[in-house]
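Along the sequence shown, the residues carry numbers beginning at 1.
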Amino acid sequence: MKRMFAFCIYLLPLILVSVATAQNSSRVQPKEEPALPYIPSLDVSAMDKSVDPCVDLYHYSCGGWQKKNPIPPDQTSWSVYGKLYQDNLMFLRGILEQAGSSTAQRDAVTQKIGDFYASCMDETTAEKRGIAAIQPQLDAIGRLDSVRDMAPLVARLPLPFGRTILFAAGSTQDPDNSEQEIADLDQGGLGLPDRDYYTKDDAKSKETRERYVQHVQKVFELLGDSSQAAEQNAETILRMETALAKASWTQVERRDPYKLKNKMKLADLSQLAPNFDWPIYYRELKYPPIEILNVDAPQFYKQVSAELSSEPLANWKIYLRFHVADQYSPFLSANFVQENFEFYRKYLRGAKEMQPRWRRCVQYTDYNLGEALGQVYVRRVFSPELKASTLDMVNRIEVAMGERIHELDWMSPETKQQALVKLAGIRNKIGYPDKWRDYSSVKIAHDDFAGNIQRAAEFEEHRQINKIGQPVDHGEWDISPPTVDAYYNPQMNDINFPAGVLQPPLYDAKMDDAPNYGNTGGTIGHELTHGFDDQGSQFDAKGNLKNWWTKDDREKFDARTKCVADQYSQYVMVDDVHINGELTLGENVADLGGEILAFMAWKDATKDKNLPALDGLTPEQRFFVGFAQWDCANMRDEDLRVRAITDPHSSAQYRINGVVVNMPEFARAFSCKAGQPMVNSPDKVCKVW
């Protein structure tokens, strides 16, 4: 299970997880590997200078990019991150095809990733096996003869990594003692992306539920059920999941860490949800003795227990059959793969075509064996010099944060001191882990793709279980080195920048400092600010959920963050759907704080330099155009609707324009006048950090 919170700069809604980015183009790659294009961190051709930056910085900076980069038919959106991701997939494909070659000189790591990728690419075997790949799970469900036996069955049902059935279980840091790992339970059990899909009554939500029922029916038909039985089963699934959804926390409620902190003993859990045999469940999974566990959503488990009592055994078999088949569908024969695509990527997110198989297979390899693939990736693209230069930028931005805290006119000296203690305690993790994850116990066969998916998931499940009762490993990463993303973890109190996000055009060693600080510097500042946003600010320097604020300071902070929430709630995301300012609050605060810190650090880093204008832009203008161009994007309406419900990030143009309206530095850089769209009046400027 993922830790309670991890705040990212970006989320790419791709098949399973965002992976990667392009290699530094100055590095020489073997001839058999594809060459990757060099894209600068500031691209003048991506701009549209017919737009006034004081009216719309985003389209001034990205209008040319948007015209030249329509959304590919197999993508749900297209962006600088997405293009970088696709370029990197080609690079990773070269690594994996070489590793999967029978003639390759292979060590244990390349054997794992090569055979995993080869098994995924073997469509012939997948077609021959068909439903047989999950027949053991289906047979086990068929043998279920009492609801009381649900606990051992759920424990024994292997699922793909990152998927859950009925609920999510694993380990997490103790919210009161961040140095210790404890057992954790979270809500789950739904087939649609979020509980709101089941509870909203607008026309689009009703249409989506109808389309979901059709998808569920199709899955049952693929399992061999008659059309009539499949239709009845689909209605049963929707009804059962709707009850679970209504008992689940909303996305906004889940932003309150105190709502998710519900520690109890195993006996208390059994009393909370008595119709599920928790001792047997944990014994079946070989958990260590559980002294205490955290139940993120107690009301959800009450509902699970109630449904276990009220729903007939036959309905639970229907529920389990569907979720096993649906979650394995991307890894089965073509009819299952196609149906999975038709609903989850085509209908929900607007993709026009399925991604080619090699691309999906690269993603699956990274998702399941990320630190094995990452070892090969890092050796080829991430030099010690790049790591050192990135760390220098991080250090400068942390200094800027310290200065910013000292200068705050609304915070008392008492709270400032605690903020500075937290800042000093942040760990900086750059590029890749100091110690690689050991996958030697995972059996990977070149001709058993679904089995490899299952065994990789079992490895991760056991890895999480074995943490319980142990000290926290502060060297652990939550994403793989090739990933194009970055994150802050408040319980670890660390900022994490994998090698994938430190490549051109996001970080460009050939480019001047201005766009690099505007782009990657803003990302670093973004993650740093997460430690002090509305959620991160509730954790102390050690990562414990503990108030370190005076009452007066907290009230002033809340008033300032409300300014941000109110500002973004006015923006329209798609059609009549507005950005949810409460859901996106943490990311919006981090975007604003991060860019302010990056500007301060850039000014300090270049204070003794005579910076010339380049490409018709002053250094300050290059900083802000570099900032804007990190998020040039085109997005499908369908994808925007999903993001509006599930994504804590605002849409691209408002991640840029919503920041600069609050930065007088931007107005000065472009000589903007009061009253222009990119200039908030002084009384409306949001100031947090």
Side-chain angles (χ1 to χ4, degrees), residues 1-3 6 8 16-21 88 92 95-96 99-100 106-117 119-120 158-163 169-173 179 181 184 285-288 361-382 387 427-445 451-487 489 491-492 494-502:
M1 176 180 289
K2 293 180 71 173
R3 299 178 187 279
C8 299
L16 287 173
V17 69
S18 306
V19 273
T21 181
N88 198 59
L92 293 173
I95 291 174
L96 290 168
R106 305 199 300 174
D107 56 20
V109 169
T110 53
Q111 179 270 320
K112 297 284 186 192
I113 61 176
D115 286 354
F116 187 98
Y117 178 76
S119 73
C120 180
L159 296 172
F161 176 38
R163 310 297 180 94
S171 62
T172 192
Q173 285 173 264
E179 295 299 321
E181 293 275 358
D184 186 73
L285 284 170
K286 297 182 171 55
Y287 270 65
C361 290
V362 172
Q363 295 176 79
Y364 296 145
T365 308
D366 180 65
Y367 193 62
N368 287 275
L369 300 173
E371 289 194 19
L373 180 58
Q375 291 180 53
V376 184
Y377 175 82
V378 165
R379 286 198 296 266
R380 302 190 185 187
V381 306
F382 198 70
K387 184 169 185 175
R427 296 176 177 87
N428 301 320
K429 289 152 75 171
I430 309 296
Y432 53 89
D434 293 332
K435 182 180 179 181
W436 294 106
R437 194 162 296 165
D438 180 7
Y439 295 97
S440 60
S441 63
V442 186
K443 179 186 175 184
I444 300 296
N452 290 336
I453 289 287
Q454 176 181 320
R455 289 185 290 273
E458 289 174 337
F459 164 81
E460 180 60 23
E461 180 180 57
H462 294 147
R463 194 180 73 82
Q464 293 292 333
I465 290 171
N466 291 336
K467 292 180 184 180
I468 295 169
Q470 301 299 314
V472 168
D473 177 7
H474 286 284
E476 183 177 353
W477 287 59
D478 292 336
I479 56 180
S480 70
T483 304
V484 184
D485 211 343
Y487 70 94
N489 187 323
Q491 291 181 281
M492 288 280 205
D494 62 18
I495 51 178
N496 303 256
F497 302 94
V501 82
L502 298 172

For this session: Report yes or no: does D184 contribute a side-chain atom to a donor-acceptor pair with the main-chain N or O of G170 at less than 3.5 Å?
Result: no

Exercise. Just by distance, do the side chain of S171 and the backbone of Q464 share a donor-acceptor pair under 3.5 Å?
Worked result: yes

Problem set entry | CZ on F116 to CG on D366, rounded to 0.5 Å | 10.5 Å

For this session: Would you indicate whether the side-chain heavy atoms of N466 and P288 approach each other to under 4.5 Å?
Result: no

Problem set entry | Member of V378, L96, N368 meeting the side chain to side chain contact (heavy atoms under 4.5 Å, CB included) criterion with L373 | L96

Exercise. Under the salt bridge (charged side-chain N to carboxylate O under 4.0 Å, His left out) test, which residues partner K387, sequence neighbours left out?
Worked result: none

Problem set entry | side-chain contact (heavy atoms from CB on, under 4.5 Å) partners of C361, counting only residues at least two apart | Y117, C120, M121, R357

Exercise. To the nearest 0.5 Å, what is the distance between CD1 (I444) and CG (N452)?
Worked result: 4.0 Å

Problem set entry | side-chain contact (heavy atoms from CB on, under 4.5 Å) against E179, all qualifying residues, sequence neighbours excluded | N177, H474

Exercise. Under 4.5 Å between any side-chain heavy atoms of V472 and Q491, yes or no?
Worked result: no

For this session: Locate the shortest heavy-atom distance separating F497 from A486; write the atom from each residue and the value.
Result: CD2-CB, 3.5 Å

Exercise. Does the R106 side chain pair with the main chain of A99, one donor and one acceptor, at a distance under 3.5 Å?
Worked result: yes

Exercise. Rounded to the nearest 0.5 Å, how far apart are CG of L159 and CD of E458?
Worked result: 10.0 Å

Problem set entry | Residues which pass side-chain hydrogen bond (donor to acceptor under 3.5 Å, both in side chains) with Q111, listed by chain and number, not counting sequence neighbours | D115

Problem set entry | All side-chain hydrogen bond (donor to acceptor under 3.5 Å, both in side chains) counterparts of R463, not counting sequence neighbours | E460, E476

Problem set entry | Interatomic spacing from OG1 in T365 to CD1 in I113 - rounded to 0.5 Å | 8.0 Å

For this session: Measure across P482 and Y377 and return the closest heavy-atom pair with its distance rounded to 0.1 Å.
Result: CA-CE2, 3.7 Å

For this session: For N428, enumerate each residue passing the side-chain hydrogen bond (donor to acceptor under 3.5 Å, both in side chains) test, keeping only those at least two apart in sequence or located in another chain.
Result: E398

Exercise. Can you tell me how far CG of N489 sits from CD1 of I495, rounded to the nearest 0.5 angstrom?
Worked result: 12.0 Å

For this session: Under the side-chain contact (heavy atoms from CB on, under 4.5 Å) rule, collect the residues that match up with D107, sequence neighbours excluded.
Result: V109, T110

Problem set entry | Test side-chain hydrogen bond (donor to acceptor under 3.5 Å, both in side chains) applied to S440 - qualifying residues, sequence neighbours left out | D438

For this session: Could you give me the CA-CA distance, side-chain angles and deciding distance for K286 and I465, then say whether side-chain contact (heavy atoms from CB on, under 4.5 Å) is met?
Result: CA-CA 8 Å; K286 297 182 171 55; I465 290 171; 5.9 Å; no

Exercise. At what distance, to the nearest 0.5 angstrom, does CG of L285 lie from NE2 of H462?
Worked result: 7.0 Å

For this session: Tell me, please, which residues at least two apart from E371 pass side-chain contact (heavy atoms from CB on, under 4.5 Å).
Result: P433, W436, R437, Y439, W477, P481

